[in-house]
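Below is one structure, written out as structure tokens, with a few remarks after it.
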Amino acid sequence: MAIPHATLRQTVLAALIADLLFSLSAQAQTTDQPADAGPTVVVSGIRASLSSSLNTKRMQDGVVDAVSAEDAGKFPDTNIAESLQRVTGVQIQRNGGEGRYISVRGLGPEFNNVLVNGRTLTSDTGGREFSFDLLSSDLISKALVYKTSQPFLPEGGIGSTVDIQTARPLSGKVGHSSVVNVSESYDSNSERKTPNLSGMYSFANAERNFGVTTSLSYTDRASKQNKAITDAWNYRDVSLINGDLNSKGLTMADVTTKKLYLPQSFGYQQENESRKRLVGNLTVQYNPSPTWKMTADALYSRLDQRNDVIAFSDWINPQLLGAQVNQNNQVTSFLRPGSTFYANNPALSGPGSLLGEANSNDMIVKGGDRLSITRAFGLNSKWALAPEWKLEGDVSTSRTTSYSPDMWVVAGMVPRNGDVLSFGGTPSVVFGDGIADPTAVRAHAVSNGDIRNHDKLSEGRLGLNWNHEIGYFKGIDTGLGYSQRSVDRTEWKNDAWNTFSGYHLPLPSSLFTVTPMENFMGNGAQVPSAYLSFDPYAYMNYLNQRSILAQSNDPALYLDTTKYPNGPMAIDYTLPSMWGVKEKVSNFFVDSKWEGAGWSANAGVRVVHVQSSSTGISRVLLSATKSPNDTTFISNWGPMTTTTVSNSYNSVLPSANLKFDLTSEMLLRLAASKTETRPTLNQMGVDNYYGGRFGDVQTGGGNPYLKPMKSNNYDVSWEWYLSKTNYVSAAVFQKYVSDFLETRLVDMKIPQFDEIVHDTRVRNGQKGKIKGVEIAGQYAFDTATPWLRGFGVTANYTYVDASASREVDSSTPACGYPGLSKQSYNGSLFYENSKFQARVSYNWRNHFSVDCGGGSTQPRTRAAYGQTDASLRYNLTPTLSLYADAINLNNARTHEYALNESQFLTLEDVGRRVSIGLRAAF
């Protein structure tokens, strides 16, 4: 029998795609089968998800990608961000091994506008970045990624607009239906098992004019992260001492000073985390008449994340012995002197001398808890006013409240012997003294605070659609909207940072516990087998005793009950520090629709007016005096003051999309637009902080005068649809950006300090160009070769090139765009039949900038990262299935560095995670 031309063409193309995609660790998906190609393949499970996503992509006016649920309560991954990373050009950032933020086409989370059912959802970050770990994937039916702008889309997404859609009862089955998922997860690092439960119920009457869908999901996870950490690399003056740890009688003649790249500290950290998430959703749909449809939504999310975090590290003062420096003026190894060296070289040590501050081995308890609660409500109404006229109204409100401690509690040791540190591919520290001796610990700096973030948003929109044909003209969409958003952060703190700073007070050994440490570094690195952990509250209660406060750095101050009625260690809830930003946005859009033989287009404009006000309440810094036992300052605070700053601007954002039907299977899309992203809200406060040490006073805070970041965008996309589930596509894009934000240092004089102050804060300034290429495809081999029937493959590859021009000070290195990876790809191979499904996926992105630093602090770069995940499903009956999901099978670890890989910052080991569960549908 002759092979049809279309089938032959698809078979040849399948082989080419398979060769390309497997070479990229390809990701797979399947396709329908023509009637003359053998047994019929039922489009279900993974195929149904792929078919739905591809149909969504094909029908859109602009460049859009989608991820769809295979069935109700059956999204492809346990986390929405982890599903979105399989969309071309989408990369994710993980928190504790779980996807939290996304980047699209090289632009970080703040540049991607995330909607839920077309509405903005508030955030727990204090900014515009959306935390995907707040939502459960069980309640999601589809997620669309708009890569080109359209007038109806809310402004804000230079990178993309993501619309997460929940299940709709009138889009599903008639009658009653339910889904229940029960599973247990195991974390390889914590070696703990935790339960997960989710359920969804849906009802639609026979007339399909009333329906209800409700879902509830509970997730429990216990994990442990092991980390090696350098807090920062700084470009600063370093004193190089010509000697070794046994030298005696050295003088200042043996010291030279040179400006070098130097790590601030190095050590290790263990983080035990408990993460409990409860998410509920309710949707009611009612159609009072054939021309009137109403939908109401309610969403509740509660994430309770508890972190027991303790680090132990070398604090590195800029006085080094035997330092090795490379050609880039970077310290690569050195000896850090201890108290014995100090005693043997009195000309160098003592108050006001070179070694006036003791080196230390610190134990630091850090606040990492996060309690986030989100509530959202929305009402949508659609009316068919006449055959050509449709009206839509939508109102919604969203509120997120988050609570977290701001804790940095330090105890430490003053070592007698020196430590040996080296920074190459794998950094190491050899401690000269034991770090697990509870009798050697002394008090140091204490900071403890309580932070509350509130994000409230109300928005409404009204849209009018006119479908009317006049030649090529097909109609107009127009609408207007208004939103009001307020974000505020309130912090209460103790005033104890310098109460005992300087390591002069010995502590009882009963406060500390010897704790084992795993050697997770590999490559022969020496990780201490044990360290000391402690309860920060027991430690602070001990220091808060009046008999102990009498030994503080300033007993008269810290024993003053008029200033510290509950002692300096207690959080003072009478003196909050607060900043808040209110933003009112009015917008109007008009979009015209056009269509001819083999082509269609839309063109329009969105006009936006933004008015913002930033308010801060904080204490006035009256003066700062030097601490007698440390190189920090004791601050003298005045009364609380309130400051308010207003700002406003207008924006005109045109966009156009043009689609050509090259053949019945092939499309070409062209798009041009102007987009903007407003500044992250937590960057617009009027707050100020003061810190640093003698000779390096630091200030910073918010900037209420920030302007929106802008981009002119151009896109071309070619798409070849081979069947309902098979396709191949290629796209190129270019963005000309301006007014991007950068952290910049400005030196100034302020009356509270008698030396130059380095003010570092976010300012507009960066401009540049981002251009890239995307290649994607998916193919099921059911029609190609009989022995491959049931297998499928999909993959995509993204290349992004960017250049940036920054208004930087001379000491700040070049830096691109935070969140931008030059290359990324992902792929899956799967097999599916009526009883069994298996999928293995690999996602990779190369290095990217986390932030560009500022002042003396160097950028933070995350190294290339690739992760392998897998899933299995077995249908025990038509309604009951057993499944297993494995996350991070290859045990990938996150690595961060500064300017280059020898400037080590972080290595994080999160381990593997496996879930085994049962799904019942009835």
Side-chain angles (χ1 to χ4, degrees), residues 7 10-11 14 17-18 21 26-55 66-78 83 86 137-138 140-142 167 171-183 198-200 202 722-727 778-794 827-841 869-886 914-922:
T7 303
Q10 295 179 15
T11 302
I17 293 177
L21 301 185
Q27 171 178 352
Q29 312 204 352
T30 42
T31 177
D32 300 351
Q33 182 171 322
D36 60 349
T40 300
V41 176
V42 178
V43 179
S44 62
I46 296 174
R47 292 178 177 85
S49 172
L50 298 179
S51 179
S52 175
S53 299
L54 199 59
N55 184 61
V67 180
S68 302
E70 300 173 24
D71 200 352
K74 200 176 178 185
F75 209 66
D77 296 274
T78 56
S83 287
R86 282 187 261 286
S137 62
D138 295 310
I140 306 304
S141 64
K142 184 175 291 186
S171 300
K173 305 173 184 176
V174 170
H176 301 271
S177 60
S178 300
V179 176
V180 176
N181 275 300
V182 181
S183 67
S198 68
M200 177 182 290
S202 185
L722 308 172
S723 75
K724 292 181 179 179
T725 50
N726 292 358
Y727 85 103
Q778 64 189 35
Y779 199 89
F781 296 97
D782 302 309
T783 64
T785 307
W787 62 270
L788 284 176
R789 189 163 294 140
F791 284 95
V793 58
T794 86
S828 292
L829 175 67
F830 74 85
Y831 175 80
E832 179 182 39
N833 60 28
S834 61
K835 298 286 289 184
F836 180 73
Q837 295 179 20
R839 182 181 65 190
V840 60
S841 304
D869 304 327
S871 63
L872 299 172
R873 300 285 187 276
Y874 182 74
N875 298 325
L876 301 172
T877 71
T879 60
L880 190 65
S881 60
L882 184 68
Y883 63 89
D885 295 316
V914 178
S915 297
I916 298 176
L918 196 66
R919 179 181 186 272
F922 50 90

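The figures that follow rest on heavy atoms only: side chains count, while hydrogens, waters and symmetry mates do not. Please read these numbers as outputs of a predicted model, since none were measured by experiment.
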Who are the ring-ring contact (aromatic ring centres under 6.0 Å, His included) partners of Y883, not counting sequence neighbours? none

For A884, enumerate each residue passing the side-chain contact (heavy atoms from CB on, under 4.5 Å) test, keeping only those at least two apart in sequence or located in another chain. I916

Is it true that a side-chain atom of S49 and a backbone atom of S68 form a donor plus acceptor pair closer than 3.5 Å? yes

With a 4.5 Å cut-off on side-chain heavy atoms, are F922 and L880 touching? no

Using modelled atom types only, decide if a donor and an acceptor are shared between the side chain of N726 and the backbone of A780 within a distance under 3.5 Å. yes

Who pairs with Y874 by side-chain contact (heavy atoms from CB on, under 4.5 Å), at least two apart in sequence or on another chain? K835, F836, L876

How far does CG of L918 sit from OG of S183, to the nearest 0.5 angstrom? 10.0 Å

Heavy-atom closest pair, residues Q778 and T725: NE2-O, 2.6 Å

Please report the interatomic distance CZ(F830) to CG(L872), rounded to the nearest 0.5 Å. 14.0 Å

Determine yes or no for a side-chain-to-main-chain donor-acceptor pair under 3.5 angstrom, with N875 supplying the side chain and S834 the backbone. yes

Approximate separation, where rounding is to 0.5 Å, of E832 CD and R839 CZ: 10.5 Å

Looking at every heavy atom in both D885 and S871, which two are closest together, and how far apart are they? OD1-CB, 3.1 Å

Rounded to the nearest 0.5 Å, what separation is found between the CZ atom of R919 and the OG atom of S198? 9.0 Å

